[in-house]
Trainee: 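Mind having a look at this structure? Questions to follow.
Below, chains carry the letters A, B, ... as their sequence lines are ordered, and counting in each starts from 1.
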2 protein chains.
Amino acid sequence: MNDHLKAFRNYLKEQGLKNTSQREEILAFLGRSSRHLSPEEIFRELRRRDPRLGRATVFRTLRLLGDCGLATRVTFPDGKQKFETRLGGHHHDHMLCVHCGRAIEFVSPAVEEAQKRLARRYGFKVLWHRHEIFGRCRRCETAGPSPRRS
Amino acid sequence: MNDHLKAFRNYLKEQGLKNTSQREEILAFLGRSSRHLSPEEIFRELRRRDPRLGRATVFRTLRLLGDCGLATRVTFPDGKQKFETRLGGHHHDHMLCVHCGRAIEFVSPAVEEAQKRLARRYGFKVLWHRHEIFGRCRRCETAGPSPRRS
DNA sequence: GTTTTTATTGAGATAAAGTCTCAATTAAGA
DNA sequence: TCTTAATTGAGACTTTATCTCAATAAAAAC
Ligand SMILES: [Mn+2]
Ligand SMILES: [Mn+2]
Ligand SMILES: [Zn+2]
Ligand SMILES: [Zn+2]
C-alpha cells in the first residue's frame with residue numbers, strides 16, 4: 001500500500017473521520033496523474049467510472065487532502081486553480097510558462113532557508129507556502145506572443 | 001501627477017489603447033487604499049460614486065493593470081482573490097495570517113536572488129512571481145484554532 | 001473646431017467555480 | 001448484527017468572471 005494512502009487513512013482516523021471509496025478514488029487518481037488537475041477534470045473523469053459521484057464530494061475531498069498536506073493547490077497564469085499530490089510528501093514549488101502552460105517543479109533549499117529566516121524576523125509561524133514563478137520556459141522563450149499578467 | 005498614473009498613461013499609449021475616466025478611477029482607488037481589495041469591493045465602492053460604472057469594466061481594468069505591472073493579485077488563505085497596487089512600482093510578497101487574515105508585506109533580496117539563479121538554471125525567463133506564505137502572525141500565534149490548508 | 005475612426009463602456013445574459021441543504025446511505029465501532 | 005454519526009449526491013443557490021452588442025467617448029485626422 002502506498003504512503004499517501006497510509007497517511008490519508010491515518011489522518012482520517014486521527015480526526016475521527018470516515019474513509020470512503022470516493023475519497024480513496026480521488027486521492028488515487030490525483031496520485032496517478034503526472035499533470036495538475038482541476039476539480040472539474042477530476043470530477044468528470046471519475047464520474048465516468050462511477051456515475052453517482054457528486055461534484056460536492058470532489059471539492060470536499062480536495063479540501064480534506066489540502067488540510068492533511070497530501071494535495072497542493074496551484075494557481076495557473078490564467079488564474080485557474082489546479083491540484084496535484086505532494087509527491088512523496090515532499091514540498092515543491094512551480095515555474096509556470098505563460099505561453100504553453102507547462103509547469104516546472106522545483107525545490108530550492110536556498111529559498112526555503114531565506115524564507116525561514118524572514119518569518120522568524122516577523123514572528124510569523126509558517127504553516128505552508130506557495131511560490132509561483134511566471135514566465136517563459138526554455139522552449140517557448142525562443143519566440144512567442146505577449147504574456148498575461150496578474 | 002503621480003508615477004503610477006504616468007506609467008499607466010504611457011502604457012496605454014504604447015499599446016494603442018485609450019485612456020478613460022473609469023480606468024483612472026480604478027487605478028486611483030487602488031492606489032489610495034492601504035488594504036487589498038477584491039474586484040467586487042472596488043466595483044461596489046466606485047459604483048456608489050458613478051452609478052453607471054459596470055462590473056465588466058472593473059474586471060477588464062484589473063487585468064489591464066496586471067498586464068502593465070501596476071497591480072498585483074494576491075490569493076488569500078480562503079482562496080479569495082484580491083488586488084493591490086505595486087507601491088512605488090516596487091515588488092513585494094506576502095505573509096498571510098490564516099487566523100486573522102492580516103497581510104504582512106515583505107521584500108527579501110535573498111529570496112529574490114536565489115530565485116533568479118534557479119530560473120537561470122532552468123533556462124526559464126521570469127516575468128513575475130508570487131510568493132505567499134501562510135501561517136500565523138505574531139499576534140495570533142499566542143493561541144488560536146486550527147488552520148485551513150491548500 | 002469638426003469629423004472620422006476605433007477602442008471602450010455597461011446592461012444583462014451567460015458561463016464557470018464553488019457552496020449549501022437535506023434525505024438517503026454507508027462506514028466503523030459496540 | 002445493531003447503532004451511531006459521518007458522508008454522500010442531487011440540485012438549488014451563490015459568487016465570481018466573461019461575453020455580447022448597441023451606445024458612447026477618446027484620440028487622431030482633417
Ligand atoms: Mn517553497
Ligand atoms: Mn518576491
Ligand atoms: Zn512554455
Ligand atoms: Zn493573525
Trainee: In whole angstrom, what separates Lys13(B)'s NZ from dA7(C)'s P?
Mentor: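 Interatomic distance, NZ of Lys13(B) to P of dA7(C): 16 Å.
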
Trainee: In whole angstroms, how far is the C1' atom of dT9(C) from the NZ atom of Lys18(B)?
Mentor: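 In whole Å, dT9(C) C1' and Lys18(B) NZ are 12 Å from each other.
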
Trainee: Is the backbone of Leu53(B) close enough, under 3.5 Å, to the side chain of Arg47(B) for a donor and an acceptor to pair up by distance?
Mentor: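 Present.
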
Trainee: For Glu112(A) and His91(A), does a side-chain donor sit closer than 3.5 Å to a side-chain acceptor?
Mentor: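 His91(A) and Glu112(A) do have a side-chain donor-acceptor pair below 3.5 Å.
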
Trainee: How many whole angstroms separate atom CG of Leu12(B) from atom P of dA28(D)?
Mentor: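 Taking CG of Leu12(B) and P of dA28(D), I get 12 Å after rounding.
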
Trainee: Linking I/L/V/M/F/W/Y whenever any side-chain heavy atoms sit under 4.5 Å apart, do Leu62(A) and Leu17(A) land together?
Mentor: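 Yes; tracing contacts between hydrophobic side chains, which count when under 4.5 Å, links both residues.
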
Trainee: Side chain of Leu53(B) only, please: which of dG9(D), dA28(C), dG10(C) is the nearest?
Mentor: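 The listed nucleotide nearest to Leu53(B)'s side chain is dG10(C).
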
Trainee: Heavy-atom count check: over 12 atoms from other residues, nucleotides or ligands less than 6.0 Å from Lys82(A) NZ?
Mentor: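 More than 12 heavy atoms, drawn from other residues, nucleotides or ligands, come within 6.0 Å of this atom.
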
Trainee: With distance as the sole criterion, is a donor-acceptor pair present between the side chains of Gln115(B) and His131(A) under 3.5 Å?
Mentor: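 Yes, a side-chain donor-acceptor pair sits under 3.5 Å.
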
Trainee: Please round to 10 degrees the angle between the axis of the first five pairs and the axis of the last five pairs in the helix from dG1(C)-dC30(D) to dA30(C)-dT1(D).
Mentor: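 For the helix from dG1(C)-dC30(D) to dA30(C)-dT1(D), the axes at opposite ends meet at about 40°.
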
Trainee: In whole Å, what is the span from the CG atom of Leu62(A) to the P atom of dA17(C)?
Mentor: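 Going from Leu62(A) (CG) to dA17(C) (P), I get 14 Å.
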
Trainee: Are there any protein N/O atoms within less than 3.5 Å of an N/O atom in nucleotides 14-20 of chain D, and if so, which ones and at what distance?
Mentor:
| unit_1 | atom_1 | unit_2 | atom_2 | d |
| --- | --- | --- | --- | --- |
| dT18(D) | OP1 | Arg63(B) | NH2 | 3.2 |

Trainee: Side chains of His90(A) and Glu105(A): is there a donor and an acceptor less than 3.5 Å apart?
Mentor: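 Looking only at side-chain atoms, Glu105(A) and His90(A) do not form any donor-acceptor pair under 3.5 Å.
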
Trainee: Let me know the distance between CZ of Phe43(A) and P of dT8(D), rounded to the nearest Å.
Mentor: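 Spelled out: CZ on Phe43(A) to P on dT8(D) is 14 Å.
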
Trainee: Quick one: OG1 on Thr61(A) to CZ on Arg63(A), what's the gap to the nearest 0.5 Å?
Mentor: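 If I round to the nearest 0.5 Å, the distance is 11.0 Å.
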
Trainee: Would you kindly give the CZ-to-P distance between Arg23(A) and dA27(C), to the nearest whole Å?
Mentor: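 Those two atoms, CZ and P, are 12 Å apart.
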
Trainee: Looking at the side chain of Thr20(A), which of dA7(C), dT9(C), dA27(C) is the nearest nucleotide?
Mentor: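 So the nucleotide nearest the side chain must be dA27(C).
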
Trainee: Report the relative orientation of the aromatic rings in Trp128(A) and Phe134(B); use parallel for angles under 30°, tilted for 30 to 60°, perpendicular for over 60°.
Mentor: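 Trp128(A) and Phe134(B): parallel rings.
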
Trainee: Please report, rounded to the nearest Å, how far the P atom of dT8(D) is from the CD atom of Glu24(A).
Mentor: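 My rounded result for the distance is 11 Å.
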
Trainee: Phe8(B) has an atom CZ; how far is it from atom C1' of dT8(C), in whole Å?
Mentor: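 So the two atoms are 12 Å apart, to the nearest Å.
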
Trainee: Taking only residues two or more places apart in sequence or in another chain, which ones pass ring pair (Phe, Tyr, Trp, His ring centres under 6.0 Å) with Phe59(A)?
Mentor: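 With sequence neighbours excluded, Phe59(A) shows a ring pair (Phe, Tyr, Trp, His ring centres under 6.0 Å) to no residue whatsoever.
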
Trainee: Specify the residue among Val58(A) and Gly16(A) whose closest nucleotide of DNA chain D lies further upstream toward the 5′ end.
Mentor: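 In this pair, the answer is Gly16(A).
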
